[in-house]
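One-based numbering along the sequence shown.
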Amino acid sequence: MSTDPERRRFLGVLAATAAFSVSLPFIVRGTRPAVAAEAPPPATGDVTLDCFAPDKKPLGPCTEPRVVMTDDQWRAKLDKRSYYVTRHEGTEPPYSGPGWNRHDNGIYRCIGCDTALFDSATKFDSGTGWPSFWQPISKRNVVQTDDRSLAIEDRTAVSCARCGSHLGHVFDDGPDPTGLRYCMNAVAMHFVPVPGVHITLS
């Protein structure tokens with residue numbers, strides 16, 4: 001029995017439309033710019049860090065409660081620049097952060113929870129206008145995550161392991177011995193000098 005040509009044409013168009021509808025989400029997904037995934041809410045409970053004495057002497061692993069606060073609480077605790085950078089992954093203008101060019105002996109600690117982040121002995125002049133270090137004081141004390149917020153490049157974001165404050169990014173164009181450049185925001189940290197050491201800026 002023969003099939004009506006108009007009926008065959010209708011069925012063909014219907015099948016093609018159905019196939020296109022199924023594949024459309026994959027086509028769109030592959031062509032539109034990637035959108036950064038929303039950060040998960042901070043975990044509660046305790047976190048294991050490496051603690052340090054005021055003279056930078058390692059005290060070994062220590063267990064501390066995670067610092068979890070509401071947005072309003074963070075806004076009340078931090079000044080506007082620190083709040084913007086640490087809680088909303090902002091970036092301070094280069095050469096503007098307090099003590100970005102400091103060269104004293106001491107520890108850089110998180111502005112949000114006082115966790116030790118960087119030893120001044122690993123700081124170097126990167127020429128970028130942001131405090132730069134070739135390694136953190138302890139891998140336990142920072143968290144590194146993929147940052148795909150810029151479509152032109154993939155970056156690795158660095159945050160505090162205890163309170164989740166955004167600190168900056170790490171790049172692979174640093175000096176020896178690691179070849180890394182931890183490019184931090186000065187307003188995300190506060191500097192604690194070794195006792196008895198006079199602070200100087202240059």
If two hydrophobic side chains count as joined below 4.5 Å and joins carry through other members, does Ile107 share a cluster with Met189?
->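 No, separate clusters.
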According to a 4.5 Å side-chain heavy-atom criterion applied to Ile, Leu, Val, Met, Phe, Trp and Tyr, with indirect links allowed, do Leu117 and Leu180 form part of one hydrophobic cluster?
->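 They do share one cluster, since a chain of ILVMFWY contacts under 4.5 Å joins Leu117 to Leu180.
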So, Ser165 and Arg87: side-chain donor and acceptor under 3.5 Å apart, yes or no?
->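 Judged by distance alone, the side chains do pair up.
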Indicate whether any N or O donor in one side chain lies under 3.5 Å from an N or O acceptor in the other, for Thr122 and Asp119.
->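 Their side chains do not contain a donor-acceptor pair, so the 3.5 Å distance test is not met.
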Once you find the SG atom in Cys62 and the one in Cys51, is the distance between them below 2.5 Å?
->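 Cystine link detected, SG atoms below the 2.5 Å cut.
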With no hydrogens and no angle check, is any side-chain donor or acceptor of Arg66 less than 3.5 Å from a backbone partner on Cys163?
->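 No: the side chain of Arg66 does not pair with the backbone of Cys163.
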Sort and list the pairs that fulfil salt bridge (charged side-chain N to carboxylate O under 4.0 Å, His left out) and have at least one residue in residues 173-183, not counting sequence neighbours.
->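 Non-adjacent pairs meeting salt bridge (charged side-chain N to carboxylate O under 4.0 Å, His left out): Asp173-Arg181.
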What is the distance from atom CD of Glu64 to atom SG of Cys113, rounded to the nearest 0.5 Å?
->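 The CD atom of Glu64 sits 9.0 Å away from the SG atom of Cys113.
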To the nearest 0.5 angstrom, please state how far the CG atom of Asn105 sits from the CG atom of Asp55.
->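 It comes to 9.5 Å.
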Heavy-atom closest contact ([X] atom, [Y] atom, distance):
{"X": "Asn185", "Y": "Glu92", "result": "OD1-N, 3.0 Å"}
{"X": "Ile111", "Y": "Ser82", "result": "CG1-OG, 4.2 Å"}
{"X": "Ser159", "Y": "Leu167", "result": "C-CD1, 3.7 Å"}
{"X": "Ala116", "Y": "Ile137", "result": "O-CG2, 3.5 Å"}
{"X": "Thr48", "Y": "Arg140", "result": "CG2-NH1, 3.4 Å"}
{"X": "Ser126", "Y": "Ser132", "result": "OG-OG, 2.8 Å"}

All pairs passing ring pair (Phe, Tyr, Trp, His ring centres under 6.0 Å) where residues 48-84 contributes a residue, at least two apart |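 Listed by first then second residue: Tyr83-His88.
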Residues clustering with Trp130 (ILVMFWY side chains joined when closer than 4.5 Å, directly or via others) =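 Its cluster partners, ordered by chain and number, are none at all.
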Is the shortest heavy-atom distance from the side chain of [X] to the side chain of [Y] under 4.5 Å?
{"X": "Val187", "Y": "Pro98", "answer": "yes"}
{"X": "Pro61", "Y": "Asp50", "answer": "yes"}
{"X": "Cys110", "Y": "Arg162", "answer": "no"}

Tell me every residue that passes ring pair (Phe, Tyr, Trp, His ring centres under 6.0 Å) with [X], counting only those two or more places apart in sequence or in another chain.
{"X": "His169", "result": "His166"}
{"X": "Tyr95", "result": "Trp100"}
{"X": "Tyr108", "result": "Phe133, Phe191"}

Can Arg102 and Ser120 be said to form a side-chain contact (heavy atoms from CB on, under 4.5 Å), step by step?
-> CA-CA 9 Å; Arg102 177 177 280 116; Ser120 61; over 6 Å; no
